[in-house]
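Below is one structure, written out as structure tokens, with a few remarks after it.
Throughout, protein chains are lettered first and strands after them, A, B, ... in sequence-line order, and every chain is numbered starting at 1.
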2 protein chains.
Amino acid sequence: MSLRMQYTIGQVAEKSNLSIHTLRYYEKEGLLPFIKRNGSGIRIYEDEHIEWLKFICCLRDTGMSISQLKDFVELTVQGDATVEQRIQMLELQKQTVQEQVNTLMSYIGMIDFKIGMYAGQAKDGRESAGQPE
Amino acid sequence: MSLRMQYTIGQVAEKSNLSIHTLRYYEKEGLLPFIKRNGSGIRIYEDEHIEWLKFICCLRDTGMSISQLKDFVELTVQGDATVEQRIQMLELQKQTVQEQVNTLMSYIGMIDFKIGMYAGQAKDGRESAGQPE
DNA sequence: GCTTGACTTAGAGCTTGCTCCAGGGGCTAT
DNA sequence: ATAGCCCCTGGAGCAAGCTCTAAGTCAAGC
């Protein structure tokens, strides 16, 4: 007997850090095909939908586009038969995230190097103005 | 007596993985205020400019906007007096990149968790189709 | 001298992902 | 029953960052 909480779009917006507009936009784009409505047409969200939104944001923030997300959702809706395919997609995504991390770490190195150069200049003032390098 | 190589926009496009369009766009937006022209109005790039472009891409790819980049370039053009300010900007940027790395690593964890869930479903096939969760 | 190809400009157009607006519905409290 | 609030829809608008087009210049090779 799990007590299942229900939420309106405004409550979900607060919980998910997405705007109401964005939530409706995502639904329109097919990212939330399972949200039910009450008699007045009001969207009713439940806890699992909020979890799903968090996962969507994870994929979105790692570079997956809305339409790719839609493809992923459609696979999910199709059920068991597509589990392997979804696992493959996620493995691929995981790999690209790892590459992103590597790239960002190399960027930290570049920024550090530049900071070092500037720090040297700040001491002995040998910069030739107007020539970023 | 350093031999200083010179490049046309097409050569720089190849070397920098930016399109010719993008290079001209960046110049128009003030990110490359130091590119000279030859007698016919053709842009002449040198090695240090290509280095600068790589650094610009580093900052851009870590979330700095074109207009922020422009601000940074303007400080650089002003010379020594702004070195401290530029160091501060880069320190701040470095910090945000580190936060991005942390976020991405937590996303890898989320993706892994999801893969684990799917892998479980693939084995015992207890997914309820149409209910992403 | 004509073609080819890479360069020039100004400015229009495109894509993505929101963001907002007008106009309206329905519950709840006074 | 009127106000206040949150909800709804369809569609317009917006910002960023390119991306492309039209029309033209220039230098080299045949």
Side-chain angles (χ1 to χ4, degrees), chain A residues 5-46 49-50 52-73 93 96 100, chain B residues 5-46 49-50 52-73 93 96 100 103 107:
Chain A
M5 292 290 291
Q6 299 192 325
Y7 310 92
T8 63
I9 199 168
Q11 292 167 324
V12 175
E14 268 195 35
K15 273 181 175 282
S16 65
N17 286 316
L18 295 167
S19 75
I20 290 177
H21 300 302
T22 302
L23 287 169
R24 288 200 274 245
Y25 169 67
Y26 282 0
E27 189 173 330
K28 192 166 64 179
E29 293 301 313
L31 269 44
L32 305 164
F34 39 70
I35 304 296
K36 302 284 182 295
R37 308 293 184 101
N38 72 6
S40 313
I42 306 282
R43 290 170 180 81
I44 304 297
Y45 296 78
E46 308 199 357
H49 304 146
I50 293 171
W52 180 249
L53 276 168
K54 284 182 188 160
F55 190 60
I56 280 180
C57 288
C58 159
L59 295 180
R60 178 198 64 180
D61 291 348
T62 55
M64 201 176 274
S65 70
I66 301 288
S67 85
Q68 281 176 303
L69 278 166
K70 187 189 173 170
D71 295 343
F72 186 77
V73 170
Q93 188 68 7
T96 76
Q100 287 168 30
Chain B
M5 292 291 291
Q6 299 194 323
Y7 310 93
T8 64
I9 198 167
Q11 291 168 323
V12 174
E14 269 195 34
K15 272 178 175 283
S16 66
N17 286 316
L18 295 167
S19 74
I20 290 177
H21 299 302
T22 302
L23 286 170
R24 287 200 274 246
Y25 168 67
Y26 282 179
E27 189 172 329
K28 192 166 65 180
E29 293 302 313
L31 269 46
L32 305 164
F34 39 70
I35 305 294
K36 301 286 180 295
R37 308 295 184 97
N38 72 7
S40 313
I42 308 284
R43 290 170 180 83
I44 304 299
Y45 296 78
E46 308 198 359
H49 303 145
I50 293 172
W52 180 250
L53 275 168
K54 283 183 189 157
F55 189 60
I56 279 181
C57 289
C58 158
L59 295 180
R60 178 200 63 181
D61 291 348
T62 54
M64 201 176 275
S65 70
I66 301 289
S67 85
Q68 281 176 301
L69 278 166
K70 187 189 173 171
D71 294 344
F72 186 77
V73 170
Q93 188 69 6
T96 76
Q100 287 168 28
T103 303
Y107 285 158

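Rounded to a whole Å, the CE atom of B:Met64 is 16 Å from the C1' atom of D:dA16. Nucleotide C:dG17 holds its C1' atom 17 Å from the CD atom of A:Glu27, rounded to whole Å. Rounded to a whole Å, the CD atom of A:Gln68 is 14 Å from the C1' atom of C:dG17. If you measure from atom CD1 of B:Ile20 to atom C1' of C:dT8, you get 11 Å, rounded to the nearest angstrom. Here the C1' atom of nucleotide C:dG25 and the CG atom of A:Asn38 are 12 Å apart, to the nearest Å. For B:Arg37 and C:dA6, the CZ to C1' distance is 14 Å, given to the nearest whole Å. One atom, NZ of A:Lys36, and another, P of D:dC7, lie 20 Å apart when rounded to the nearest Å. A straight line from CG of A:Leu18 to P of C:dC18 spans 8 Å, rounded to a whole angstrom.
Residue order along DNA chain C, read from the 5' end via each residue's closest nucleotide, puts B:Ile9 first among B:Ile9 and B:Lys28. Residue B:Gly41 is the one, among A:Thr22 and B:Gly41, whose nearest nucleotide of DNA chain C lies closer to the 5' end (criterion: closest heavy atom). Of the residues near DNA chain D, B:Ile66 and A:Thr8, the one whose nearest nucleotide (by heavy atom distance) lies more toward the 5' end is A:Thr8.
For the pair A:Arg24 and C:dG17, the criterion of a side-chain N or O lying under 4.0 Å from OP1 or OP2 is not met. Between A:Tyr26 and the phosphate of C:dC18, there is a side-chain N or O to OP1/OP2 separation shorter than 4.0 Å. In this structure, B:Ser40 reaches the D:dA27 phosphate: one of its side-chain N or O atoms is under 4.0 Å from OP1 or OP2.
Using a 4.0 Å heavy-atom criterion, one finds that B:Arg43 contacts the sugar-phosphate atoms exclusively. The residue B:Ser67 sits apart from the nucleic acid: no heavy atom pair falls under 4.0 Å.
The side chain of B:Tyr25 lies closest to D:dC18 when the candidates are D:dT21, C:dC27, D:dC18. Distance from the side chain of A:His21 is smallest to C:dT19 among D:dC7, C:dT19, C:dG17.
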**OP:** Output, in order, the C-alpha distance, side-chain angles, deciding distance and verdict of side chain to side chain donor-acceptor pair (under 3.5 Å) for B:Gln100 and B:Thr62.
**Re:** CA-CA 8 Å; B:Gln100 287 168 28; B:Thr62 54; 5.5 Å; no
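Annotation: side chain of A:Asp61 is not in contact with side chain of B:Thr103 (no heavy-atom distance under 4.5 Å). In this structure, A:Ile66 and A:Lys70 have side chains that are not in contact, with every pair of non-hydrogen atoms separated by 4.5 Å or more.
Classified by interplanar angle (parallel below 30°, tilted 30° to 60°, perpendicular above 60°), the ring pair B:Trp52/B:Phe55 is tilted.
A donor-acceptor contact shorter than 3.5 Å links the side chain of A:Gln11 to the backbone of A:Thr8.
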